[in-house]
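Have a look at the structure below, then the notes.
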Amino acid sequence: IPTIIHTSWSATPYCRATLRLSEKFILLLILSAFITLCFGAFFFLPDNSKHKRFDFERDSQSLDIQVSGRQVKEESLRDKIRADHERALQEAKEKLRKSKEELKAEIQTEKTKVAEDLKKKDGPKPLPPVSMPKLVGVNNGDPGDPDTKEKRDKIREMMKHAWDSYRQYGWGHNELKPIAKKGHSTNIFGNSQMGATIVDALDTLYIMGLHDEFKDGQEWIEQNLDFSVNAEVSVFEVNIRFIGGLLAAYYLSGQEVFKVKAVQLAEKLLPAFNTPTGIPWAMVNLKSGVGRNWGWASAGSSILAEFGTLHMEFVHLTYQTGNPAYYQKVMHIRKLLAKMDRPNGLYPNYLNPRTGRWGQHHTSVGGLGDSFYEYLLKAWLMSDKTDSEARKTYDDAIEAIERHLIRKSNGGLTFIGEWKNGHLERKMGHLTCFAGGMFALGADGSPDDKAGHYLQLGAEIAHTCHESYDRTVLKLGPEAFKFDSGLEAVAVRQNEKYYILRPEVIETYWYMWRFTHDPKYRQWGWEAVQAIDKYCRVSGGFSGVKDVYSSNPTYDDVQQSFFLAETLKYLYLLFSSDELLPLENWVFNTEAHPLPVLHLGNITLPGSETQR
């Protein structure tokens, strides 16, 4: 047994210690493969530490560059601040050496430069091309007979005197003080020099053939008429004088600048309509757009003749621009008024734009009410007699006026009184005298075949207003005249005896001449020409007078812009042929600016579809 144990132990170690040659070879192959793999990994895989070291070096260099650059910048900035400081000190020293006048001139130059830069930045927007309405009779109008032509030439000479005086003494100002020979303005134009006389006179200059003067006016408007001013203006006055005047000048001359300026101003007026009712404020600030009403108007009310005298101009603005806002604003006013109750069918002069209620019940066809009625009729005429709503509103209003306001005096003079709180005041204003022409203009198209009646009514008003002139010492009419206590067509109060170059009586003479050709209207017109030339003419233009019953009157020293726009224009037309601005083709706004009838045919005004 021990032998067997020995044998088995000796056999086992022999097997483990001795490997065959093939086995050794395989082990060697495996070992060499492993070593090769390790060395390959060492030599051929990326060295992360090397890369990290490279990145750090680059970042370090970049940081050095940044720090160095910042130091350079800081040094440069310090140098610049030092240089600016030295320059400012030098400029200050130079300024201190300059005179006060030189400093003022420098400041004005800088202000002008800034204003011009703003103008360039906010330049006028191009307006869409619009076909021009058919224009007939924009010049000439030779009356034919030498006597009438001589009278017409005299009126043209008066216009030239009024314009030349303004050109010399008041250029750029709103109006002229012809005695003091300097510019004049009133609060209706704010505190700005807007050249109201220039804009108001343009169309009169054009139809009289005063083309050099017209060109001077156009150049001033191109270079100086700016509505981006901090000025509070009357919406009504700048509409009838400026927008009306600019549109008329555009239609007569075709010069695009007038249309562009009219639209620029109109855009400035639109904020006035931002009221709870859409009835506009009386005044608006052209810069801020803030509106308010006159302090004296009944409990903060807007005035009928002001918000009711926008239609003609605003319809033309929509026609010319394609912007429906203008048309919609005036149609909204019409719709609102149509829904309101009217005491005795009359329109009170005051309407509160916040509440939409009437103010005190005062109705007048003179001041505060007049042109509202005029524009109802003229809206119909301007629409080529298609705006039947306007015509119906006009007819209803005139019927109520006839019933409640028109009376005959004991001496047989027809007059239009004023309704105040249920009582008729037997007083008529010079402004009311326009109504004679309105009745004649509206005669054709009257209901119930009353054309003859209204033409006769126009003639009676013209006669009454002529009497108010004829019964004065100067043969010029007072501001207001009464029909009671035995006095007829005569002013009683001292503060109603003045004449400020007003046109309304002459306006009625012209309309009556156009519709009747009765020679008395030219005779009455010539009497007015002679009286104005004799008593109102001064070396520096034309002035109003304070008392038409005094043989030695005092001047008021104002040449009103409407004297050139209306009074002299109506006189010139009175002594011209009917071919000059025929009424079939032209409608005059309340400042005597002619606007063409819009033969729209099938064309729909932008915005009109929303009003139906």
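All residue numbers in this chain count up from 1 along the given sequence. Keep in mind that this is a model prediction, so the values were computed, not measured.
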State, with a plain yes or no, whether a side-chain heavy atom of [X] is found less than 4.5 Å away from one of [Y].
{"X": "Glu467", "Y": "Leu413", "value": "yes"}
{"X": "Asp203", "Y": "Pro594", "value": "yes"}
{"X": "Glu237", "Y": "Val233", "value": "no"}
{"X": "Arg167", "Y": "Glu213", "value": "no"}

Side chains of [X] and [Y], donor plus acceptor under 3.5 Å:
{"X": "Gln559", "Y": "Glu175", "answer": "no"}
{"X": "Tyr250", "Y": "His316", "answer": "no"}
{"X": "Thr197", "Y": "Ser561", "answer": "no"}
{"X": "Tyr572", "Y": "Arg156", "answer": "no"}
{"X": "Ser539", "Y": "Lys181", "answer": "yes"}
{"X": "Thr554", "Y": "Lys546", "answer": "no"}
{"X": "Glu527", "Y": "His466", "answer": "yes"}
{"X": "Glu267", "Y": "Tyr326", "answer": "no"}
{"X": "Glu579", "Y": "Ser577", "answer": "yes"}
{"X": "Glu504", "Y": "His430", "answer": "yes"}
{"X": "His184", "Y": "Asp557", "answer": "no"}
{"X": "His453", "Y": "Glu402", "answer": "yes"}
{"X": "Asp384", "Y": "Thr386", "answer": "no"}

Between [Y] and [X], is the closest basic N to carboxylate O distance under 4.0 Å?
{"X": "Glu496", "Y": "Lys482", "value": "no"}
{"X": "Lys569", "Y": "Glu566", "value": "no"}
{"X": "Lys215", "Y": "Glu219", "value": "yes"}
{"X": "Glu418", "Y": "Arg426", "value": "no"}
{"X": "Asp395", "Y": "Arg391", "value": "yes"}
{"X": "Lys160", "Y": "Glu157", "value": "no"}
{"X": "Asp142", "Y": "Lys149", "value": "no"}

Would Ile155 and Val529 satisfy side-chain contact (heavy atoms from CB on, under 4.5 Å), going step by step from the backbone distance to the final call? CA-CA 7 Å; Ile155 296 159; Val529 170; 4.0 Å; yes
Is the ring pair [X]/[Y] parallel, tilted or perpendicular, if the boundaries are 30 and 60 degrees?
{"X": "His517", "Y": "Trp513", "result": "parallel"}
{"X": "Phe563", "Y": "Phe542", "result": "tilted"}
{"X": "Trp524", "Y": "His463", "result": "tilted"}
{"X": "Phe214", "Y": "Phe258", "result": "perpendicular"}
{"X": "Trp163", "Y": "Tyr166", "result": "tilted"}
{"X": "Trp510", "Y": "Phe588", "result": "perpendicular"}

Treating [X] as the side-chain partner and [Y] as the backbone partner, does any N or O pair qualify as donor plus acceptor under 3.5 Å?
{"X": "Thr464", "Y": "Thr414", "value": "yes"}
{"X": "Thr432", "Y": "Met428", "value": "no"}
{"X": "Lys261", "Y": "Leu225", "value": "yes"}

Applying the side-chain contact (heavy atoms from CB on, under 4.5 Å) test to Leu247, which of Val263, Leu252, Leu595 qualifies?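 That would be Leu595.
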Lys151 NZ to Leu571 CG distance, which is reported to the nearest 0.5 Å: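 Answer for the NZ-CG pair, Lys151 versus Leu571, is 12.0 Å.
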Side chain to side chain donor-acceptor pair (under 3.5 Å) evaluation trace for Thr186 with Asn174: CA-CA 8 Å; Thr186 62; Asn174 289 314; over 6 Å; no
Should the heavy atoms of other residues, nucleotides or ligands under 6.0 Å from [atom1] of [X] be counted, would the total exceed 12?
{"X": "Glu150", "atom1": "CD", "value": "no"}
{"X": "Arg407", "atom1": "CZ", "value": "yes"}
{"X": "Asp449", "atom1": "CG", "value": "no"}
{"X": "Lys534", "atom1": "NZ", "value": "no"}

Only counting residues at least two apart or in another chain, list the ones meeting side-chain hydrogen bond (donor to acceptor under 3.5 Å, both in side chains) with Lys385.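 Only Asp444 meet the side-chain hydrogen bond (donor to acceptor under 3.5 Å, both in side chains) criterion with Lys385.
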Stepwise side chain to side chain donor-acceptor pair (under 3.5 Å) check, Tyr375 with Glu313: CA-CA 10 Å; Tyr375 268 42; Glu313 297 82 3; 2.7 Å; yes
Locate the shortest heavy-atom distance separating [X] from [Y]; write the atom from each residue and the value.
{"X": "His161", "Y": "Ser165", "answer": "O-OG, 2.8 Å"}
{"X": "Trp294", "Y": "Ser234", "answer": "CZ2-CB, 4.1 Å"}
{"X": "Pro143", "Y": "Thr148", "answer": "CB-CG2, 3.6 Å"}

Step-by-step side chain to side chain donor-acceptor pair (under 3.5 Å) determination, Arg502 to Thr567: CA-CA 7 Å; Arg502 286 204 186 276; Thr567 311; over 6 Å; no
Please evaluate residues Trp526 and Leu574 with respect to the criterion side-chain contact (heavy atoms from CB on, under 4.5 Å), reporting the C-alpha separation (whole Å), side-chain torsions for both, the decisive distance (0.1 Å), and the verdict. CA-CA 9 Å; Trp526 185 243; Leu574 179 59; over 6 Å; no
Using the rule given for side-chain contact (heavy atoms from CB on, under 4.5 Å), can you reason through Val238 versus Leu286, listing the C-alpha separation, both sets of side-chain angles and the distance that settles it, and then say yes or no? CA-CA 11 Å; Val238 299; Leu286 293 177; 5.8 Å; no
Candidate pair Leu176 and Val558, rule side-chain contact (heavy atoms from CB on, under 4.5 Å), full reasoning: CA-CA 6 Å; Leu176 170 68; Val558 179; over 6 Å; no
